[in-house]
2 protein chains.
Amino acid sequence: MTEQLDAVLARLDANLDAARERLFALLRIPSISAPPAHAGDCRAAAEWLRAEFAGMGFTATVHETGGHPALVAHHPGPGGAVPHVLLYGHYDVQPADPLELWTSAPFEPVLVDGPHGPRIRARGAVDDKGQVMMWVEALRAWHTVAGWPPVAVTVLIEGEEEVGSDNLDAFVAANRELLRSDVAIISDTGMWDIDTPAITTRLRGLVYAQIDVKAAARDLHSGLFGGSALNPINLLTSILGALRTPDGRVTMDGFYDGVADLPPTLAAQWQGLDFSEAEFLGSVGLSVPAGEPGRTPLERMWARPTCDINGIWGGYMGAGSKTVIPSEAHAKLSFRLVPGQDPARIAGLLRAFVAARLPADAQATVTILGEAPGMEVDLDNPAIAAATDILAEEFGRAAVLCGSGGSIPVVESLRRLLGIDTLLMGFGLDDDQVHSPDEKFELRCFHRGMRSHARLLDRLARRT
Amino acid sequence: MTEQLDAVLARLDANLDAARERLFALLRIPSISAPPAHAGDCRAAAEWLRAEFAGMGFTATVHETGGHPALVAHHPGPGGAVPHVLLYGHYDVQPADPLELWTSAPFEPVLVDGPHGPRIRARGAVDDKGQVMMWVEALRAWHTVAGWPPVAVTVLIEGEEEVGSDNLDAFVAANRELLRSDVAIISDTGMWDIDTPAITTRLRGLVYAQIDVKAAARDLHSGLFGGSALNPINLLTSILGALRTPDGRVTMDGFYDGVADLPPTLAAQWQGLDFSEAEFLGSVGLSVPAGEPGRTPLERMWARPTCDINGIWGGYMGAGSKTVIPSEAHAKLSFRLVPGQDPARIAGLLRAFVAARLPADAQATVTILGEAPGMEVDLDNPAIAAATDILAEEFGRAAVLCGSGGSIPVVESLRRLLGIDTLLMGFGLDDDQVHSPDEKFELRCFHRGMRSHARLLDRLARRT
């Protein structure tokens with residue numbers, strides 16, 4: 001270990017409170033990407049980050065996209081430093097509703113005690129502002145101690161990850177030179193547990209769709225028209241109810257085409273992991289796995305496709321009763337995909353499934369709100385070896401090579417558009433309540449994540 | 001026809017504008033019974049009506065119930081006048097949402113031109129404020145011309161008809177003496193068409209229920225938990241989707257027990273009616289009957305039970321996408337019932353249907369928000385003969401004896417609790433958009449309805 005790294009790590013330890021305060025400032029910006037009303041907050045978050053990088057000697061620019069802006073920052077590092085790393089993250093967050101289920105306001109971050117010591121509670125605490133600020137603080141410490149990062153660094157922080165990164169591919173394709181680099185590093189995933197680091201090597205993909213069904217030209221009285229007029233909620237529930245078997249298999253013809261069983265070696269490795277589905281489900285008040293039978297819990301989470309209805313609405317939702325047959329009904333649903341399933345093909349299957357069940361009097365539109373294929377990371381990517389080493393140094397134990405049930409579309413985009421592989425080294429925990437009320441990030445994970453990123457930059461520089 | 005009746009009818013003709021203005025005043029009170037926020041408006045409507053009857057020499061009192069208050073007014077008529085009629089109506093109205101679909105504000109009544117001349121547009125214009133004010137104006141004219149109504153009159157106007165009349169039975173049972181009468185007259189139904197009056201002799205019943213499904217203790221990330229955690233929207237749609245066959249039959253075991261085929265005579269009479277389902281559905285932008293096959297349109301509307309989901313909500317309903325597995329999902333649904341189906345038994349079938357499809361991790365509550373059995377009115381009720389005569393006089397053509405797809409629970413309550421039959425003589429039209437945006441009432445129907453009620457009171461007095 002170099003003396004400089006010692007000084008960098010010491011500085012991160014000494015300045016943890018200040019780092020946490022900077023994260024709080026970012027968390028106070030309600031940069032929710034879904035509702036248009038928060039577009040200004042998304043831009044404010046991008047500008048806040050731009051100023052941070054400018055203060056560390058980076059050239060930093062907020063770039064317009066078709067949607068929320070993207071921040072790109074660059075530092076050449078010491079002369080001719082290699083490799084050139086691309087650090088990716090996102091400043092946008094999920095909506096905070098239902099607000100009434102939050103213990104404290106989602107955009108007023110607080111430090112509260114937990115079983116692992118202090119934790120940061122706020123929307124975006126871990127997804128992804130807290131994880132972005134880990135490497136921002138690592139770069140800051142390197143800047144203070146050495147005057148520059150040990151390797152050339154390009155930063156890409158987008159604002160539409162939580163709504164499908166619709167404009168990311170076009171932006172990356174249009175800025176290949178600006179983003180040219182050797183390897184991408186992303187912290188938007190989790191650890192195995194509070195003491196065991198993890199590197200994610202497998203990601204599920206996604207197709208996110210909205211279905212809008214319309215029937216009569218106006219709302220109708222269910223007494224007068226019941227039994228004669230098509231009810232769009234009846235229709236929508238019959239379509240959605242037919243999408244899955246009770247044990248969770250998707251019924252669309254061809255949905256499982258190309259879905260391979262797990263390679264025996266990977267299956268064996270996952271079997272060897274200490275994972276208790278009872279604890280996993282118990283932590284959220286559940287006890288019975290809802291997924292496909294005959295699959296291991298980790299296989300269902302990391303290597304099997306799913307269908308979940310994420311939202312549904314129509315008709316009368318107020319107090320008491322209203323005997324109405326509404327004129328329309330709506331649902332949002334998503335399919336988690338695995339390698340071998342083409343998102344465009346799955347979207348087509350959904351359109352066909354809906355169309356085949358549509359009576360003459362009904363109109364239905366299926367709008368695709370997000371698409372990403374499932375991914376497997378190249379294990380020969382040298383950054384994975386580097387991360388494995390430094391994580392062992394930081395945590396005193398080997399990192400688990402795991403999968404992720406969620407999708408990070410940018411991994412596939414960076415491979416396809418920039419030709420680079422990605423290291424997914426994240427520091428969240430399963431109980432961080434990502435996308436839920438009371439999202440949190442353990443201060444200990446934030447701290448060790450900073451230290452790990454500082455070590456990784458050093459290790460990557462010395463590998464060459 | 002008596003000279004007094006001539007004078008009463010002439011007075012109604014001469015004072016139509018004033019009568020319409022009085023109706024507008026009542027329509028301006030947003031007495032929506034479902035949301036608690038409008039409780040004060042419901043009471044205001046009851047008080048407004050109390051003052052009207054007090055001004056016509058009635059003893060009028062606003063009575064407390066378990067919910068919105070009920071108005072009872074009484075006039076003995078001329079000494080020893082018989083029969084004693086009970087006039088029932090309701091001052092409460094349906095919610096006005098979706099507000100954006102109204103051409104004018106729902107509680108700012110306007111007179112607009114239509115194919116049948118001027119029409120009154122407002123929530124409650126026909127259901128039921130406009131139809132109540134028809135007989136209020138008939139009583140007013142009799143009061144002015146004769147000093148009293150020609151028969152003894154008791155008035156009962158409740159404020160919970162649109163939310164299932166939950167407190168009506170208890171109120172009637174506790175006030176049998178106050179409400180003692182020989183026959184009930186209700187105007188909350190429709191005419192056959194703008195020129196043809198109708199007497200409704202058959203009503204469908206209702207079971208209105210809300211289903212609340214809960215699973216995880218909090219909202220979950222569909223990437224992390226998808227394939228492992230129970231999704232309450234998936235579950236609710238699979239339950240509701242299984243409730244009906246695509247052709248509209250209800251699948252609950254025993255649902256059709258006790259449902260008799262139409263008596264051949266009634267079937268023949270209905271077959272003889274000039275009813276175009278193509279026009280009926282075409283008027284709301286539909287073309288294909290959604291109900292049971294092998295049944296005539298009027299049979300499906302008046303004599304067959306149905307199941308309609310009236311509202312559904314859960315998860316993310318905002319703009320864009322949110323990859324959430326919500327912790328709960330909700331639906332409101334109603335069954336239209338026919339004679340032979342016990343509402344309590346049907347409610348039990350629904351509870352059993354839901355319970356049988358509930359995985360270990362899910363909780364579901366089924367709350368019954370309204371119940372009423374299907375009804376057939378006794379055709380020997382002398383008031384029906386009287387109404388048939390005076391409607392022929394007023395309209396110059398015979399009244400149609402028809403059914404109604406909607407339920408009027410009070411008819412069964414009055415028979416059970418007071419031992420009296422009901423005459424259903426209404427003046428609405430199929431296109432009045434009851435329970436929908438732009439609800440309206442034809443001024444011509446309002447006018448002829450007043451005249452018909454004035455005639456009926458006269459005829460009932462002279463029948464004895």
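Just so you know, these numbers come straight off a predicted model, no measurement behind them. Here is how names work: the chains are called A, B, and so on, in the same order as the sequence lines, proteins then strands, and each is numbered from 1.
Residue A:A360 comes nearest to B:V288 through the heavy atom pair CB-CG2, 3.6 Å, listed as atom of the first residue, atom of the second, then distance. Nearest heavy-atom pair, A:N231 versus B:I309, reported as atom, atom and distance to 0.1 Å: ND2-O, 3.0 Å. Shortest non-hydrogen contact noted between B:P36 and A:A319 is CD-CB, 4.0 Å.
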Step by step, would you call B:F225 with A:V284 a side-chain contact (heavy atoms from CB on, under 4.5 Å)? CA-CA 10 Å; B:F225 283 92; A:V284 296; 3.8 Å; yes

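Taken to the nearest 0.5 Å, the CD1 atom of B:I312 stands 7.0 Å off from the CG atom of A:L236. Between the CE atom in A:M317 and the CG atom in B:D97 there is a gap of 8.5 Å [rounded to 0.5 Å].
Using a 4.5 Å cut-off between heavy atoms, A:D438 does not touch chain B at all. Proximity to chain B is limited to the side chain of A:T306, based on heavy atoms less than 4.5 angstrom apart. For chain B, the nearby parts of A:K322 are the backbone and the side chain; heavy atoms of each come within less than 4.5 Å. Residue contact with chain B, scored on non-hydrogen atoms closer than 4.5 Å, is absent for A:P359.
Contact check for B:T323 versus A:R336: side-chain heavy atoms found under the 4.5 Å cut-off. When side chains are defined from C-beta on, A:S228 does not count as touching B:P289, because their heavy atoms never get closer than 4.5 Å.
Highest contact tally toward chain A, considering only B:L281, B:L286, B:L220, is held by B:L286 [criterion: heavy-atom pairs under 4.5 Å].
A donor-acceptor pair shorter than 3.5 Å cannot be found between the side chains of A:S238 and B:R244. Counted by atom type alone, B:H221 and A:S436 present zero donor-acceptor pairs between their side chains at under 3.5 Å. Side-chain N/O atoms of A:D308 and B:S222 include no donor and acceptor closer than 3.5 Å.
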